Amino acid sequence: MLRIGVFVCHCGSNIAATVDVKKVVEMALHEPGVVHAEDYQYMCSEAGQEKIRAAIQEKHLSGIVVCSCSPRMHENTFRNAAERAGLNPYMVEIANIREHCSWIHKDMEEATEKAVILMRAAVAKVNLNTPLQPGESRVTKRALVIGGGIAGIQTALDIADAGYPVDIVEKTPSIGGRMSQLDKTFPTLDCSACILTPKMVEANAHPNINIYTYSEVEKVSGFVGDFTVDIRKKARSVDMSKCTGCGVCQEKCPSKKTPSEFNRGLNNRSAIYTPFAQAIPNVPVIDREACIKFKTGKCGICSKVCQAGAIDYEQKDEIITEKYGAIVVATGFDMIKLDDYDEYAYSQSKDVITSLELERIMNAAGPTGGHLERLSDGKAPKEIVFIQCVGSRCADNRGKSYCSKICCMYTAKHAMLIRDKYPDVNVTVFYIDVRTPGKNFDEFYRRAVEEYGVNYIKGQVGKVIPQPDGKLLVQGADLLDNKQILKEADMVVLAAAIEPNPDVRKIATMLTASIDTNNFLTEAHAKLRPVESPTAGVFLSGVCQGPKDIPETVSQAGAAAVKAIGLLAKDKLLTNPCTAHSDELLCNGCSQCANVCPYGAITYEEKEVNDHGIREVRRIAVVNEALCQGCGACTVTCPSGAMDLKGFSNRQILAEVDAICR
Amino acid sequence: MQEIVNRAKELLADGTVKRVLGWKAGDLPYNPEPAYFEKEEDLEEFVYNGFCGANLSKYMIEASKMEGKTLVFLKPCDTYSFQQLMKEHRVDREKAYIIGVGCKGKLDIERIRRMGIKGIKSIAGANLEDEAETLTIVTLYGEKEVPYKDAMLERCHVCKGKDHMIFDEIIGESKETKDGDRFAEVERIEAMSPEEKFAFFQKELSKCIRCNACRNVCPACSCRKCVFDSNKFDSAQKANVDSFEEKMFHIIRAFHVAGRCTDCGECSRVCPQGIPLHLFNRKFIKDIDELYGEYQAGADLEERGPLTSYQLDDAEPGIVAERS
Amino acid sequence: MYKIKREDLPALFQKIAADQELYLPVSTAGQTNFGVWREEAEVDLDTLKTVKSPKDVFFPQSETLYTCYREGKKLSVEPETLKEQDFVVFGMKACDIKGVEVLDRVFLSDPIDTFYAARRDHGTIVALACHEPEETCFCKVFGVDAAHPAADVAAWMVEDTLYWKPETEKGQKLTEKLADFLEKAEDAGSETAVAEEEEKIRSIMEELPYSHLSLEGWNGDVLMEKFESPLWEELYKPCLACGTCTFVCPTCQCYDIKDYDTGQGVQRYRCWDSCMYSDFTMMAHGNNRTSQKERFRQRFMHKLVYFPANNDGMYSCVGCGRCVEKCPASLNIVKVVKAFQEKEGAKA
Amino acid sequence: MSIEAREEFKPKIVAFCCNWCSYAGADLAGSSRLSYSADVKIIRVPCSCRVNPMFILRAFERGADGVIICGCHPGDCHYTSGNYYARRRMTLLFSMLDFIGVENGRTRVEWVSAAEGVKFSQTMHEFVDKITSLGKNVRLEDLRCRKS
């Protein structure tokens with residue numbers, strides 16, 4: 001039996017106010033194997049750790065239990081403390097008496113009783129712990145960035161600047177992302193393209209950056225430091241090495257009826273196209289769904305007009321397999337679909353548009369050449385109504401429960417720009433709250449109201465009714481004046497909620513990164529590890545993690561890059577020693593464990609064993625500890641119990657069960 | 001039967017096989033035993049009749065370790081077990097020469113005894129050649145006639161079919177014996193109230209003497225060391241001291257063979273206490289069929305077992321409460 | 001001698017059970033085993049052989065030896081109390097009674113097994129003659145008289161009447177207690193009825209296929225000769241290494257001692273073990289019988305050689321035939337004896 | 001059961017929580033001060049696929065009144081597929097327990113992400129209520145483990 005020490009943390013009053021820590025100490029001393037127990041104000045502090053060290057050395061402890069906060073907080077702290085005192089770090093168990101006890105219970109007696117039971121379970125477990133040694137695994141010094149928007153570009157640039165090769169995988173034909181669709185940016189009103197394009201060019205030209213556009217991640221295997229990724233390079237039908245980007249093919253293409261994705265479907269593009277003028281790479285793709293050559297076999301005009309001979313109808317999808325040490329997800333966002341918001345007449349009237357559509361309309365390269373006009377009749381609007389929170393902060397399940405964060409500011413921007421360029425246009429904004437927490441944000445909003453005379457009405461719009469004369473009747477409420485409002489507008493702009501790019505689910509599954517109910521990727525810790533995914537080696541950049549504006553996105557992109565660089569800078573990583581292993585005397589060699597192993601970590605070998613004097617050659621499972629991630633799927637599949645998991649062994653878990661049910 | 005014996009002799013003689021694994025005539029009319037024959041003359045004792053219910057696949061685990069090939073006689077249902085064992089690398093196909101033998105339904109001496117027949121001196125009609133519809137049983141207490149079908153093992157009434165899944169050659173004809181619904185009894189129990197279910201199994205399992213016959217005869221229970229014999233889970237109990245242990249043993253045993261059990265019915269055939277152990281396996285099979293698509297263990301070598309595979313849209317565990 | 005109508009037996013049982021435990025053949029879910037009589041129990045006196053022998057009335061499949069309780073770091077031990085109340089076993093057959101005789105040799109010789117001894121002291125056995133012996137029976141081989149079992153009370157069921165004959169002091173005492181229920185049967189008709197039944201049983205015994213099995217060559221002196229016989233190599237092969245034969249056997253007496261962690265402490269109990277099991281007599285170094293052949297041999301050598309060697313030639317098989325009926329591989333002691341006879345006879 | 005007796009009954013509930021999601025979800029419930037019954041005791045496992053049916057039966061053997069397994073939402077498993085295996089295993093196990101007459105409310109699987117502190121707390125509330133209404137587990141306990 002081990003010589004166990006139990007350390008009970010007060011966590012100031014976080015634990016001690018609800019749990020009688022002295023009682024836990026007293027009860028611990030009654031547990032078999034426990035030779036030392038003490039409590040302290042803050043076990044995680046220098047002084048607390050020093051107490052642990054002293055006890056380990058003076059009382060010759062061979063295992064310790066710390067009753068404190070979640071192991072997700074300080075397991076490493078205490079493992080390191082134990083290691084410094086000469087104890088194997090895996091001889092430490094944590095009883096979570098804060099998050100799982102003191103913080104959720106009010107009655108001191110009840111909480112203390114539970115804390116004692118949790119302590120007992122941890123003591124029972126640590127009694128069966130064995131010293132474990134982590135192994136080592138190599139780090140592939142290359143990063144993958146999924147998504148080529150501003151987040152992905154910035155991350156890639158920062159990693160590349162640090163000297164590591166980076167691949168960007170972008171689904172669409174060009175990098176640039178949502179930001180390339182924006183006209184101006186708040187709160188400084190810079191032209192979006194003017195600040196984005198240089199970054200795009202820089203990424204394209206960077207010797208350490210390799211861009212795969214019109215490509216998607218198909219498969220991910222491996223683990224931190226050693227991911228293997230299959231990238232599907234979709235057939236572009238244009239040879240990138242030959243194309244000069246002259247654009248003649250697009251001009252001559254007879255199929256020009258496909259809605260332009262870039263312009264949100266407000267106008268059409270040709271079947272062979274580059275999404276926008278500054279696209280990088282400036283090489284078009286053939287949309288095979290729309291192309292006459294692909295549909296009927298006839299046409300082939302683009303091929304005829306291409307002087308470089310770059311058109312290649314035979315091109316096939318290509319799978320590129322590459323190894324990476326770190327992966328950054330920067331898959332960005334899209335606007336929600338407005339199908340469930342019939343009351344705003346989005347599908348009935350061309351003059352009810354989303355803010356992103358307004359961006360395109362106001363952009364000089366947009367469908368209207370930058371003229372603010374109604375899409376129904378081309379007339380200049382005189383009365384514009386903005387509706388905020390369409391699908392954001394939504395209580396029912398039509399929309400999103402969260403605040404999309406960027407709408408208040410871009411609406412102020414839109415309102416201001418319109419009033420600036422078209423002073424005769426009246427702008428009204430219906431809002432729930434105006435949220436402007438950001439540098440120079442509130443000032444910006446106040447300018448819209450005070451200098452530009454934008455009419456802000458606190459209240460929601462119930463209905464937008466298209467009128468026979470083409471006008472839009474907006475029925476709203478003014479909560480401050482407590483009155484109903486009926487307003488005729490020429491144009492209604494909806495600040496639709498943003499949501500993570502729907503493809504992120506697929507990617508999260510491939511990466512085994514966790515995702516929340518809104519499809520935002522979960523960070524390892526909401527405050528302390530905001531750019532890391534709980535999956536080691538996977539980092540989060542931009543809106544895939546939560547709604548953000550451009551400056552926030554760029555700063556997070558940089559942070560994600562630093563985390564990735566920190567990983568790539570290492571030559572070797574210590575692997576988790578809590579891996580599966582098979583007892584060769586019990587193994588049947590039946591292969592069931594290998595069938596469920598997600599990492600292909602189990603192989604079989606013919607081995608001579610000595611089973612209590614019976615010598616025979618048996619087929620036996622062997623676990624590759626570098627590949628095993630310690631999930632334990634194999635342990636339950638194994639009928640004989642040959643397969644067990646270090647750190648979470650059958651007997652350890654049963655001991656916890658027994659201690660809890662005692 | 002002579003055809004089988006002749007063929008076995010040939011294969012022994014030409015050196016194709018080193019031994020023959022079949023059945024040897026017993027000393028009572030109904031108790032042939034599984035046996036190895038290494039010499040041609042020993043085969044005089046060979047028998048294959050209605051009482052040869054034993055599934056010889058399990059013996060092939062040991063036979064695979066022996067030198068040279070073993071000629072093994074497998075009934076159609078036994079071939080599922082053999083193939084499942086192949087899938088689990090527990091038998092060596094190279095070490096087996098499989099003759100698929102025909103089957104006209106196997107007899108259950110316990111069933112005959114339950115009819116009140118005792119003091120059996122002879123049984124006529126159990127041989128395959130007889131094609132008998134009726135068994136004539138001479139006893140110390142008079143002669144009895146029993147329809148062959150009524151004396152068959154439960155499993156034969158719900159036979160999976162008379163096709164051999166794997167074989168080198170086939171000898172003998174089979175006769176369809178299926179006349180019942182495999183899941184009828186499971187369904188009957190499912191329809192009970194929790195109290196009735198509990199009482200039913202409590203009663204049945206209270207008979208269990210933990211002799212391990214069900215486990216040791218089971219081709220899916222092929223572990224070198226059973227969890228119930230090892231100290232890995234602190235679960236090594238030699239006796240059911242508490243009624244909990246009866247349940248623990250049978251639930252876990254059924255769980256461990258779930259997705260691998262071919263429903264060969266040996267567990268119920270050998271239980272000295274007549275516990276319908278196959279119900280546990282059938283319950284799992286029924287659930288697997290209903291929830292994850294029909295699956296027959298041992299029917300092929302490639303398909304992943306239902307517990308080592310999954311579908312993204314599998315039913316949630318809550319379905320159990322919803323269904324009942 | 002006394003008699004009682006079959007239809008009055010339930011009342012008799014009730015009377016017996018009023019102040020003591022009564023064990024008798026009870027059918028549960030289609031199988032008959034000895035169990036404690038309860039009003040609702042399905043008593044089955046027609047089944048000749050219960051699945052398990054009634055040995056667990058005296059030597060239960062599992063029994064607690066003592067219990068340790070743990071409180072903090074303190075341990076306390078509470079020994080199990082010995083059987084203190086009298087009880088009755090009704091319906092045991094001659095072979096099973098012979099089986100108890102075998103167990104007595106083991107448990108009542110020095111050092112005496114106090115748990116067993118207490119049960120033997122307090123138990124009164126009412127035995128029932130074997131009405132219709134079966135083809136698997138071979139008790140005759142071991143000198144057992146199935147027609148007249150040697151017990152505290154011998155009983156015969158002749159048509160609808162149970163004849164009851166106390167034969168020991170214990171039996172006499174029980175009979176007196178049940179005087180209100182038992183009718184005197186000193187008449188010639190009763191004597192004849194019992195004698196005829198005995199005769200009938202004995203004549204059937206003569207006809208049984210195994211009754212004339214010869215045990216020649218099996219005794220305590222043939223240890224090495226039998227031990228080293230190459231026949232075992234052939235015989236054991238079909239054995240599945242289950243414990244059915246052992247657990248249905250009226251004479252198998254091996255047990256294991258195990259600890260059960262109750263969470264509050266430890267319950268130490270003993271339970272039947274089987275020499276067929278790979279962990280039988282497992283020691284720290286492993287097992288002294290590493291192959292199934294050795295384990296298989298052990299069982300038969302024990303019954304037919306080792307036991308007689310230590311017990312004045314008494315075999316520890318009583319010919320109940322349960323293993324013959326229940327072995328999943330249709331192996332049994334008769335086949336073993338016959339195989340030796342055949343092969344060694346041929347040799348000689 | 002009388003009302004008084006029900007008030008006295010404090011169920012023993014074992015919750016197996018996946019380290020990556022529901023254990024963190026429980027942490028979040030804690031840091032958000034979302035209370036639930038102290039009858040629930042959590043055992044940390046690396047993944048729901050680590051939960052062996054033996055663990056569940058052992059808990060019942062030892063007198064647990066309810067066992068709940070919490071894992072990552074399907075598709076979100078930290079190890080890609082663990083919860084899918086767990087889902088099949090637990091579905092079949094629960095169905096078997098139901099088959100032998102154990103009240104099916106005593107076992108439950110719930111998918112709770114690291115972000116779902118509220119769901120964790122609510123789930124535990126519901127489960128404790130359910131077990132309280134079912135009362136003491138008597139069908140799957142080993143009487144030797146009962147506290148005398």
Side-chain angles (χ1 to χ4, degrees), chain B residues 21 23-24 26-36 38 42 51 54 58-59 62 109-110 113-114 116 118-121 139-141 200 203-207 209-217 224-225 229-230 234 236-242 245 266 269-276, chain C residues 28-31 33 35 46 48 51-52 56 60-64 132-137 204 207-210 234 237-248 255-256 258 260-261 267 269-274 276-279 292 322 324-332 334-335 338:
Chain B
L21 174 56
W23 299 268
K24 190 166 99 180
D27 59 350
L28 292 172
Y30 51 77
N31 69 348
E33 69 194 63
Y36 289 97
E38 297 200 343
D42 293 348
F51 288 103
K58 176 116 190 197
Y59 290 95
E62 283 306 309
I109 186 63
E110 291 294 333
R113 288 202 180 105
R114 276 204 298 280
K118 50 187 172 182
I120 297 169
K121 289 166 89 172
T139 81
L140 290 162
Y141 309 104
F200 174 84
K203 208 168 176 185
E204 286 292 350
L205 293 180
S206 70
K207 295 184 293 180
I209 54 173
R210 270 300 273 283
C211 65
N212 294 319
C214 51
R215 180 189 78 186
N216 290 17
V217 80
R224 292 181 207 283
K225 198 167 187 68
D229 287 348
S230 86
D234 298 324
Q237 307 294 348
K238 275 191 179 148
N240 299 322
V241 179
D242 188 272
E245 288 176 324
E266 285 284 87
R269 180 180 72 85
V270 302
C271 178
Q273 292 279 28
I275 304 170
Chain C
T28 306
Q31 302 288 322
N33 288 280
D46 295 324
L48 182 73
V51 179
K52 274 197 293 183
D56 56 359
Q61 181 156 16
S62 71
E63 79 186 304
T64 304
E132 286 183 335
E134 296 175 8
E135 75 280 7
T136 51
C137 297
I204 292 170
E207 273 187 67
L208 295 178
Y210 288 164
E234 287 173 36
K237 287 236 169 79
C239 176
L240 291 164
C242 75
T244 307
C245 51
T246 326
F247 289 175
V248 297
Y255 59 83
D256 195 1
K258 299 186 80 74
Y260 179 77
D261 176 359
Q267 214 171 75
Y269 66 100
R270 69 166 168 194
C271 62
W272 296 352
D273 202 350
S274 171
M276 293 290 150
Y277 291 167
S278 58
D279 58 349
Q292 195 55 32
R322 286 188 177 88
V324 178
E325 281 188 14
K326 296 298 184 183
C327 175
S330 297
L331 295 178
N332 58 62
V334 178
K335 282 186 175 177
K338 283 181 176 174

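Since the model is a prediction, treat every value here as computed from it, not as a measurement.
In terms of non-hydrogen atom pairs under 4.5 Å with chain C, the most contact-rich of B:Ile275, B:Leu140, B:Asp229, B:Ile109 is B:Leu140. Put simply, of B:Asn240, B:Asn216, B:Val270, B:Asn212, the one with the most heavy-atom pairs under 4.5 Å next to chain C is B:Asn216. For chain C, the option among B:Arg210, B:Arg114, B:Glu62 with the highest count of heavy-atom pairs below 4.5 Å is B:Arg210. Counting heavy-atom pairs closer than 4.5 Å to chain C, the top residue among B:Cys214, B:Cys211, B:Ala54 is B:Cys211. Chain C forms more heavy-atom pairs under 4.5 Å with one residue of B:Lys118, B:Arg269, B:Glu204, B:Lys225 than with any other, namely B:Lys118. With respect to chain B, the highest number of heavy-atom pairs below 4.5 Å among C:Glu132, C:Lys52, C:Glu63, C:Arg322 belongs to C:Glu132. Contacts with chain B were tallied for C:Cys137, C:Gly243, C:Cys271; C:Gly243 has the most, counting heavy-atom pairs under 4.5 Å. Options B:Glu110, B:Arg113, B:Lys203 differ in how many heavy-atom pairs under 4.5 Å they form with chain C, and the most are formed by B:Arg113. Ranked by heavy-atom pairs shorter than 4.5 Å toward chain B, the options C:Lys237, C:Lys338, C:Met276 are led by C:Lys237.
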Inset, instruction - Take C:Ile204 and B:Tyr141 through the test side chain to side chain contact (heavy atoms under 4.5 Å, CB included) and record every step on the way to the result. - result: CA-CA 10 Å; C:Ile204 292 170; B:Tyr141 309 104; 3.5 Å; yes

Inset, instruction - Evaluate the side chain to side chain contact (heavy atoms under 4.5 Å, CB included) criterion for residues B:Lys24 and B:Asp42: first the C-alpha distance (whole Å), next the side-chain angles of each, then the deciding distance (0.1 Å), finally the verdict. - result: CA-CA 9 Å; B:Lys24 190 166 99 180; B:Asp42 293 348; over 6 Å; no

Inset, instruction - Could you go through the side chain to side chain contact (heavy atoms under 4.5 Å, CB included) check for C:Asp279 and C:Asp256 one step at a time? - result: CA-CA 10 Å; C:Asp279 58 349; C:Asp256 195 1; 5.8 Å; no

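Using a 4.5 Å cut-off between heavy atoms, B:Glu266 does not touch chain C at all. Using a 4.5 Å cut-off between heavy atoms, B:Ile209 contacts chain C through both its backbone and its side chain. For C:Asp46, the part lying under 4.5 angstrom from a heavy atom of chain B is the backbone only. For C:Thr244, the parts lying near chain B are the backbone and the side chain together; criterion is any non-hydrogen pair under 4.5 Å. No part of B:Pro276 comes within reach of chain C, as not one of its non-hydrogen atoms sits under 4.5 angstrom from that chain. Heavy atoms of C:Pro133 lying under 4.5 Å from chain B belong to its backbone as well as its side chain. The parts of C:Glu325 that come within reach of chain B are both its backbone and its side chain, each placing non-hydrogen atoms under 4.5 angstrom from that chain. In this structure, chain C has a heavy atom under 4.5 Å from the side chain of B:Ser206, while its backbone stays farther away.
To the nearest 0.5 Å, the span separating OH on B:Tyr59 from CG on B:Leu21 amounts to 8.0 Å. A distance of 12.5 Å separates OG in C:Ser330 from CH2 in B:Trp23, rounded to the nearest 0.5 Å.
When the options C:Glu207, C:Glu135, C:Glu134 are evaluated for a salt bridge (Lys or Arg N to Asp or Glu O under 4.0 Å) with B:Lys121, the one that passes is C:Glu207.
Side-chain contact between C:Lys258 and C:Tyr269: present, with at least one pair of heavy atoms (C-beta onward) separated by less than 4.5 Å. Two residues are said to be in side-chain contact when any heavy atoms from C-beta on lie closer than 4.5 Å; C:Thr136 and C:Val334 fail this criterion. At least one side-chain heavy atom of C:Asn33 sits under 4.5 Å from a side-chain heavy atom of B:Gln273.
Between B:Arg215 and B:Lys58, the shortest heavy-atom distance links the atoms O-NZ, 3.5 Å.
Between C:Phe247 and C:Tyr277, the angle of the ring planes goes over 60°, which puts this pair in the perpendicular group of the 30/60° scheme.
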